[in-house]
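Here's the structure we're looking at; comments come further down.
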Amino acid sequence: MSPLSRRAFLAAALSTTFLSTSLLTARPASAAGTAGAAEAAPFSHDTVVARARALAQDPYSERASVPKDWLALSYEQYQKRWFRSRDALWADTERSYNVDFFLPGLYFPRPVQISTVTDGRVEPVAFDLSLFDQTDKAPELTTEGNLGYSGLRLRTELSEPGKKNEFCVFQGASYFRAIGQGQAYGLSARGLALKTADPEGEEFPEFTEFWLEAPAPGQRTMVVHALMDSPSVTGAYRFAITPGTSTVMDVEATLFAREELTHAGLAPLTSMFLFDATNRHRFDDFRPAVHDSDGLLALNGNGEAIWRPLANPKTLQVSSFVDENPRGFGLMQRSRRLSDFNDLEADYHRRPSLWVEPQGNWGKGAVTLVEIPADKEIYDNIVAYWRPREPYPAGAEIPLAYRLTWGEEPLLDLPRVTGTAQGAKIFGDPGRIVTVDFAPHPLFGGGPEALDVHLSSPHVALSEGVLQRNPETGGLRLAFSFDPAGRDYVELRAQLRKDGEAASEVWLYRWTE
């Protein structure tokens with residue numbers, strides 16, 4: 001799958017999500033028996049780890065696809081069937097979660113095995129097409145062959161007692177999504193990224209099996225286990241998922257390298273950025289901005305907060321922010337007003353931010369940002385992840401733990417950048433003007449004159465920065481100019497300081513022609 005097809009892939013993955021928010025949820029019939037001798041003993045996460053370790057000893061073998069008529073479905077035909085919410089897994093019990101399932105086909109050629117775990121015992125969930133309603137235009141499909149579900153959706157009580165709302169989806173390769181209360185689906189996470197933007201092409205590991213621990217009545221945290229397989233690596237994942245104002249996932253994983261992993265992306269995030277005030281002139285669109293995320297936020301091992309506005313470049317861009325033991329990184333959506341987008345359908349202002357907090361020692365490496373050219377909002381063109389400095393050798397066993405927070409971004413106790421804009425100078429010498437807006441903050445109490453502006457670029461000379469109070473926002477605006485002098489790109493850095501200490505995030509920006 002090419003990078004530019006990611007958004008179509010994920011849009012299809014969640015097509016029934018949007019169509020069925022108020023009427024979908026279904027309960028599949030369960031098959032009798034166990035999943036095999038390996039699961040005869042009580043299930044634990046070690047069961048999945050052992051499966052992944054054993055799988056890595058064998059050559060990779062791609063799983064069988066669903067029948068051809070399922071693969072031949074058009075996007076519109078795939079939407080003609082949807083899951084019934086009244087038949088959801090655990091819908092007829094007092095358990096605190098319900099689970100819906102998705103059909104295979106179209107963008108999802110290989111089904112996954114889903115099982116429940118009750119009191120340590122595993123019971124496979126049988127595929128049952130009768131649990132899906134359909135329109136009279138739904139095509140007839142083969143009911144024999146390699147059939148199964150392509151993913152799952154979690155529901156629980158969020159804000160309304162007695163009503164279980166969706167908040168999390170696992171579907172397609174190793175992709176998953178979640179939202180906080182009152183938010184709309186936006187960016188995605190993945191189990192692992194391999195060879196992103198490499199010339200030989202990207203490798204997409206797949207979750208092949210899921211185990212769902214049956215929750216007790218009133219239990220707030222849902223536990224999902226997943227087995228991952230790929231030509232280069234296998235993996236065992238455990239997700240402890242707690243929904244709320246923000247949805248928090250504690251992720252534990254153990255990876256087993258079949259081959260040397262020269263370019264592994266840990267805790268990868270995937271999003272969309274089409275345009276905002278920095279590149280609005282390139283798009284004939286009624287909206288002032290279109291994006292799921294507008295910036296990369298990183299808190300490095302030294303405690304320095306870095307903000308990098310996202311870009312939709314004309315050519316592929318890869319940026320590396322070298323670090324050791326990062327404290328956190330993520331893709332943020334800081335534009336929170338409807339007027340920022342003027343889109344009454346997409347609800348971009350309600351898309352979640354996603355913050356990664358590494359657990360333990362992640363060592364030396366780089367927060368890596370990949371920005372891919374895109375001409376439509378249907379494409380996911382932004383990828384961010386941690387890339388270890390040293391490759392993992394074949395045969396390596398790699399433990400990994402981190403927390404994902406889907407919702408509002410973390411509070412880092414520094415004035416935040418709220419907007420970046422740039423354009424040509426109209427008067428005077430040729431060049432470009434850049435403005436950077438900062439949110440109101442107590443550190444600004446002494447006014448602009450109490451702050452020092454630190455501007456730099458390794459490529460060009462910059463004008464003296466002008467810092468003014470912004471009466472519209474109550475914060476401050478920094479303005480400066482530069483002349484690219486024929487360069488294709490220019491790296492820019494800015495920060496406000498007070499009494500020698502940081503008084504804002506570090507703003508990093510790459511201007512491209």
Side-chain angles (χ1 to χ4, degrees), residues 273 275-281 283 287-291 293-299 304-311 331-343 348-351 353 408-429 431-457 462-483 490-511:
F273 178 90
F275 66 86
D276 66 2
T278 61
N279 64 334
R280 176 68 182 79
H281 61 284
F283 294 87
R287 299 165 292 185
V290 172
H291 50 74
S293 308
D294 51 15
L296 170 71
L297 178 64
L299 184 63
E304 185 178 56
I306 296 171
W307 176 253
R308 163 66 188 273
L310 296 180
L331 294 173
M332 304 293 113
Q333 180 75 314
R334 288 187 170 175
S335 302
R336 288 297 178 196
R337 300 172 301 178
L338 174 61
S339 59
D340 291 333
F341 303 95
N342 195 29
D343 192 324
Y348 286 117
H349 63 294
R350 296 199 299 117
R351 306 292 172 104
S353 297
E408 299 301 322
E409 71 173 86
L411 298 177
L412 302 184
D413 199 31
L414 278 175
R416 301 188 311 164
V417 175
T418 58
T420 300
Q422 60 91 16
K425 290 179 65 176
I426 305 302
F427 303 104
D429 296 331
R432 306 196 66 79
I433 294 176
V434 179
T435 64
V436 183
D437 277 296
F438 298 89
H441 195 277
L443 283 173
F444 296 162
E449 58 274 9
L451 300 167
D452 297 319
V453 176
H454 290 253
L455 286 169
S456 63
S457 171
L462 306 178
S463 71
E464 183 177 351
V466 177
L467 191 63
Q468 298 174 290
R469 182 78 65 180
N470 186 333
E472 176 73 17
T473 66
L476 299 180
R477 171 172 290 184
L478 171 64
F480 65 94
S481 63
F482 69 96
D483 184 359
V490 174
E491 299 283 359
L492 302 167
R493 176 187 173 104
Q495 187 181 32
L496 306 182
R497 296 180 187 172
K498 187 174 185 178
D499 299 326
E501 301 291 332
S504 76
E505 302 167 323
V506 175
W507 173 86
L508 298 178
Y509 188 69
R510 177 182 292 168
W511 174 85

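Here the CZ atom belonging to R477 is positioned 8.5 Å from the OG1 atom belonging to T418, to the nearest 0.5 angstrom. Annotation: the span from L478 atom CG to L467 atom CG amounts to 6.0 Å, rounded to 0.5 Å. Rounded to the nearest 0.5 Å, atoms CZ (F438) and CZ (R469) are 13.0 Å apart. To the nearest 0.5 Å, atoms CG (D276) and CZ (F283) are separated by 10.5 Å. Taking CG of L462 as the reference point, atom CG of L455 lies at 6.0 Å (rounded to 0.5 Å). Taking CG of L310 as the reference point, atom CG of L296 lies at 7.0 Å (rounded to 0.5 Å).
At distances below 3.5 Å, at least one donor-acceptor pair connects side-chain atoms of T473 with backbone N or O atoms of G475. Counting only distance, with no hydrogens or angles, the side chain of N342 and the backbone of S339 share no donor-acceptor pair below 3.5 Å. Judged by distance alone, the side chain of S293 and the main-chain N or O of Q333 form no donor-acceptor pair under 3.5 Å. Panel note: side chain S504, backbone L496; a donor-acceptor pair is recorded below 3.5 Å. For the pair S463 (side chain) and F480 (backbone), a donor-acceptor distance under 3.5 Å is absent. In terms of modelled atom types and a separation under 3.5 Å, the side chain of R350 and the main chain of R336 share no donor-acceptor contact.
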Please output the side-chain donor-acceptor pairs of residues 439-453 that fall under 3.5 Å, not counting sequence neighbours, one pair per line with the distance.
from	atom 1	to	atom 2	distance (Å)
H441	ND1	L443	N	3.1

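Taking all atoms of both residues into account, the shortest heavy-atom contact from S353 to E408 is CB-C, 4.5 Å.
Using a 4.5 Å cut-off on side-chain heavy atoms (C-beta onward), L297 and P410 make contact. Contact check for I306 versus L508: side-chain heavy atoms found under the 4.5 Å cut-off. Counting heavy atoms from C-beta outward, V506 and E304 have side chains that approach closer than 4.5 Å.
A search for ring-ring contact (aromatic ring centres under 6.0 Å, His included) contacts involving F341 returns H291, Y348, not counting sequence neighbours.
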After noting the C-alpha distance and the side-chain angles of H349 and R337, does the key distance pass the side-chain contact (heavy atoms from CB on, under 4.5 Å) rule?
-> CA-CA 6 Å; H349 63 294; R337 300 172 301 178; 5.9 Å; no
Check step by step if side-chain contact (heavy atoms from CB on, under 4.5 Å) holds for Q422 and I433.
-> CA-CA 5 Å; Q422 60 91 16; I433 294 176; over 6 Å; no
Is there a side-chain contact (heavy atoms from CB on, under 4.5 Å) between L411 and D413 once you walk through the steps?
-> CA-CA 6 Å; L411 298 177; D413 199 31; over 6 Å; no
Would you please test D437 and V417 for side-chain contact (heavy atoms from CB on, under 4.5 Å) and show each step?
-> CA-CA 6 Å; D437 277 296; V417 175; over 6 Å; no
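Ring centers of Y509 and W507: under 6.0 Å apart, within the cut-off.
Exactly one of R308, R416, R334 qualifies for a salt bridge (Lys or Arg N to Asp or Glu O under 4.0 Å) with E505. That residue is R334.
Judged purely by distance below 3.5 Å, without hydrogens or angles, the side chains of Q495 and R493 never pair a donor atom with an acceptor atom. Side-chain N/O atoms of D294 and S335 include a donor and acceptor closer than 3.5 Å.
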